[in-house]
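Report on the structure given below.
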Amino acid sequence: MTKPEKRLRCEIMKTNELREAYLKFFESKNCVRRPSDVLVPQDDPTVLFTPAGMNQFKNQFLGIGQLDFTRATTCQKCLRTGDIGNVGVTAYHHTFFEMLGNFSFGDYFKREAIHWAWEFLTDSNWLGLKPERLTVTVYLDDEEAAGIWHNEIGLPLDRITREDERENFWPAEAPSKGPDGVCGPCSEIYYHPPGGGKEVEIWNLVFTQFNRVGDPPDNLRPLPKKNIDTGMGLERTAAVLQGVESNYEIDILRPLCENVGEILETSYQFDGKTGRAIRRITDHARACTFAIHEGVSPGSKEESYIIRLLLRRAFLEGYLLGQKQPFVYQVVPAIVDMMSQPYPELKQTLANVQDTIRAEEENFLGTIERGLGKFEKLVEVAKSSNRKSLPGKEVFDLHQTDGFILDLTFSLAADQGLSIDMEGFRAAETKHKTDSGKGISWGVMAAGPLDELQKSQGETKFLAYEGVTSEAVVVGLIQNGETVESVNHVDLPVDVILNQSPFYAESGGQVGDVGVIRSSRGEIEILDTQKHAGLIVHRGRLTSGEVHLNDSVTAEVDAVKRAGIRRAHSATHLLHHALHQVLGEHATQRGSKVEDDHLRFDFSHGAAVSPDELLKIEDIVNERISEGVPVSTNFMDLKDAKKLGAMALFGEKYPDRVRVVEMGDFSRELCGGTHLDNTGQVGLCRIESEENVAAGVRRIVASTGKKAIERIRNQEGLLKEVATQLKTPQFQELPRKVTQLQEELKTLKQQLDQFTKASVAGSVDDMLKNAEQVGDARVICETLQGVDRETLREYADQLRKQSGSVAILLGADIDGKVALLAAVSKDLVKKGVKAGDCIREAAKVVGGGGGGRPDLAEAGGKDTTKIVDALERGKAVYSEMIAKGAS
RNA sequence: GGGGACGUAGCUCAAUUGGGAGAGCACCUGCUUUGCAAGCAGGGGGUUGUCGGUUCGAGCCCGAUCGUCUCCA
């Protein structure tokens, strides 16, 4: 048993020392020290970010999955945004924080959990906190916990408080409100600082001992194996040990606040005017650094959106303090420096994290600028109508369509001496929330039929590396979310679980296999394969006969598609290698999708990949293919693989034993996918496109093997078709031919235009001569042949130019429909002669409608035989209007 | 997953009720001038993202689709 050297009382424990001491202490209690889980859990659809230390052990708490150990201790990176409004305001709120935890899976229980917590907190070899500064809470009727605290620890009764299910149950209010599943009472430990400051909760011990089934009463059933889940806030406890009032004053956060202060050219004071803003920036920047390190870029979906929000809020705090340029990215080096002792890997992505943050800041500045125009219009309207506040509906509109965060609008409006109609804003917000759909509610920890199967049958034996077919036994059938004994309805979807399977379940970007499962009496077509807690789930539909539980079957993967997937997957590794060669080491994988001879690869890179670079990348990939180097796979310890320099993804969780895929001496990656034996089998790899997917992330789409060839053929086919149509059999002549045709077309259009004008000019004189004199004005009503609407306008223009006071109405038959156009010279318009009024009357005659401006109007109709009548009617209207205007 | 907005010249944007597709900047030519955003005159540049519908007529209205931005979960 190892203990840290006894510290002198006056020495203050550093945060890094606290983290280490905690893990060491629980190692001394035979807990296995596990690394922090990733911040963005891959296999947990119920959360966007890891919210607590126990998250990575959910399955163990449910009794699913094999265990190498029954006691564990961790320091877990966590991210929560529920209380984001309090960040920087209160002493203890963060979005990103670390949680120290110790866990028991059916091993030790309340007695040990309580005793050890007390020992760690008060023993002078560990934290050495004064016992009289600590109080605890327990759940109302948890006599067991209260007894241990009072009788065994010796805590006086007046320092043990009983709290209800809202405070001291996990999940909160679970007994009465649910959800169903694993739950239990908890006991919290509070520290009371000297000097009478507010007490702070530093440790929560959760005793998960029940399974909730339905509503009360009698809905809490004891679990056969009881668990312990405890969480101690690292930053809070460090603040206690360091005797400071706020988490933001501890040794790993205070320097960051000061750094932010320097960047904003103001000095950071805890109680200063800018203190709150700086703490927020510090917190959000820290959260974003970790998340982006793991590959989450700011975006508009899910966790990406949360990161965008955090980043924008951080930036906005600075913006409102007068910092109008990107600055949050400048905080990153100090953050990485502060956090690199426990998380040295942060250094490797520093540059990329900075680039990504900077890009997002610039992006947001653009958004602000765009919205500013709209905002100014709102201000103008409000001021001109003598209002003191901006309408809430409009402000919300600015928020939801232009990303103008309320704080920003608020501050800008205040500069103009305006407030915001908050009632209207809230109303619009509520409406938007209902419009965009109700939230999905999911159980925190409830086991489904798959989990039951996993418990009773264990994991599916995985045979995908060995081949594409195997004998197997049906151990589970699930239809409509329930286990069934057999399936016999052809075409209905069904999930099949086998004792062993050659099907590869979707993972690591590689799609699930498709194929068929056959028994002597039925057949199921498998359309997709997924993984669930060690089970391989074959998702398909019954195509014939029936299939029963315990049937012997042959599982057969579609070998042609599998071969295409192997080509695409090996090509993905070649592409990764080529990207490093051409763009640099920073161009690391951020995600991928590997399908049948088709692949999508996302990677870090700040700018668009130039066409030249793309060619180089494609060349390198195909060189490696033509070299035909062997591909080998080996299992080894994660530590050894990392020593060998195998490429791993940040934000990806790896088991202790990993599979390493090597190609020649140039590529070595941690990968569980199915690969070729030799790179030459890829055949051919063609890059199809390169695009931007998120800030700092580019995507390359490529095809391999048969699809690469298909694609080339298709494009060639298109070229041939175009060449035939253009009568230019030589492909290289095509661009010239197209240019030539375009110019010809342009010249012809211009010529036609000139001819039209000339011919119009020629007939205008005649039309003027035929004009009818009405008072001082002339009225011209004529039918034209073989003209279009454009030409009608040309006539009207020329007639108006060459005549003084004139009212014109022209009619023509265009494509079997009537087209009418009326025009009136300006002086007549002033006298009340309106083209629009005339044409509406005329249009009625030909069974149509129309309108326009007083000086020019257009109309149409259907009855071409009545054009002359329409013109007559128009002439009458004109005459009437002119007469009225003259009087 | 869902809601909202936008898409017009190389760029930034305008176009009243559905009625002639425009401005500024940039570009080209000519003249003037040769010192810090030069001036003047002239000119080129458009399938209004794409497809369909309504209408005599659609940049504008309706539907679909693609793309961009944005909000909610």
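Numbered from 1 within each chain, the chains take letters A, B, ... in sequence-line order. Below, all heavy atoms of this structure are taken into account, side chains as well, without hydrogens, waters or symmetry copies.
- Rounded to an integer number of Å, the gap from CZ of A/Phe404 to P of B/C71 is 12 Å.
- Nucleotide B/A26 forms no Watson-Crick or G-U wobble pair with any nucleotide shown, as no partner meets the under 3.5 Å limit on both distances.
- Distance alone, capped at 3.5 Å, is enough to place a donor-acceptor pair between the A/Tyr878 side chain and the A/Ile808 backbone.
- Ion pair A/Lys707/A/Glu688 not flagged as a salt bridge, since none of the NZ, NE, NH1 or NH2 atoms sits closer than 4.0 Å to an Asp/Glu carboxylate oxygen.
- Toward the 5′ end of RNA chain B lies the nearest nucleotide of A/Arg800, the other residue of the pair A/Arg800 and A/Lys862 mapping further downstream.
- At a threshold of 4.0 angstrom between heavy atoms, the contacts of A/Gly852 include nucleobase atoms, whether or not backbone atoms are also involved.
- Computed from coordinates, the A/Arg789 CZ to B/U55 C1' distance equals 11 Å when rounded to whole Å.
- When each of B/G57, B/G19, B/G4 is scored by its nearest atom to the side-chain atoms of A/Lys817, the top-ranked nucleotide is B/G57.
- Residue A/Gln400 has its side chain nearest to B/G3 when only B/G3, B/C56, B/U70 are considered.
- Taking only distance into account, the side chain of A/His432 meets the base of B/C71 through a donor-acceptor pair shorter than 3.5 Å.
- Picking from B/A21, B/C71, B/U70 the nucleotide with the shortest atom distance to the side chain of A/Arg793 gives B/A21.
- If you take CG of A/Leu398 and P of B/C69, they are 18 Å apart, rounded to a whole angstrom.
- Atom CD1 of A/Ile368 and atom P of B/U70 are 11 Å apart (whole Å).
- For A/Gly860 and A/Phe396, each mapped to the nucleotide of RNA chain B holding its nearest heavy atom, the one lying further toward the 5' end belongs to A/Gly860.
- Nearest to the side-chain atoms of A/Thr401 among the listed nucleotides B/C71, B/A21, B/A5 stands B/A5.
- To the nearest whole angstrom, the two C1' atoms, one in B/U17 and one in B/C61, are 12 Å apart.
- Using cut-offs of 30° and 60° for the angle between ring planes, the A/Phe396 and A/Phe425 rings count as perpendicular.
- Judged by the 6.0 Å and 45° rule, A/Arg590 forms no cation-pi pair with A/Phe603.
- Counting only heavy atoms from C-beta on, A/Glu790 has its side chain closest to B/A21 among B/A21, B/G57, B/G3.
- For A/Glu394 and B/C71, the CD to P distance is 18 Å, given to the nearest whole Å.
- Taking atom C1' in both B/C60 and B/G53, the straight-line distance is 15 Å, to the nearest Å.
- Regarding A/Ile306, its CD1 atom lies at a distance of 8 Å from the P atom of B/A73, rounded to whole Å.
- Distance noted for atom C1' between B/G3 and B/U12: 29 Å (whole Å).
- In this structure, A/Arg312 reaches the sugar-phosphate backbone alone: every heavy-atom distance under 4.0 Å involves primed, P, OP1 or OP2 atoms, never a base.
- Straight-line distance from the NZ atom of A/Lys431 to the P atom of B/G4: 8 Å, rounded to whole Å.
- The same atom, C1', is picked in B/U68 and in B/C31; the two are 44 Å apart, to the nearest Å.
- With hydrogens and angles disregarded, a donor-acceptor distance shorter than 3.5 Å links the side chain of A/Arg280 to the backbone of A/Val87.
- Whole-Å rounding puts the A/Leu365 CG to B/U70 P distance at 13 Å.
- The two residues A/Ala291 and A/Leu39 make their nearest non-hydrogen contact at N-CD2, 3.9 Å.
- Nucleotides B/C11 and B/U50, compared at atom C1', are 23 Å apart to the nearest Å.
- Note on A/Arg853: every side-chain N or O is 4.0 Å or more away from OP1 and OP2 of B/U16.
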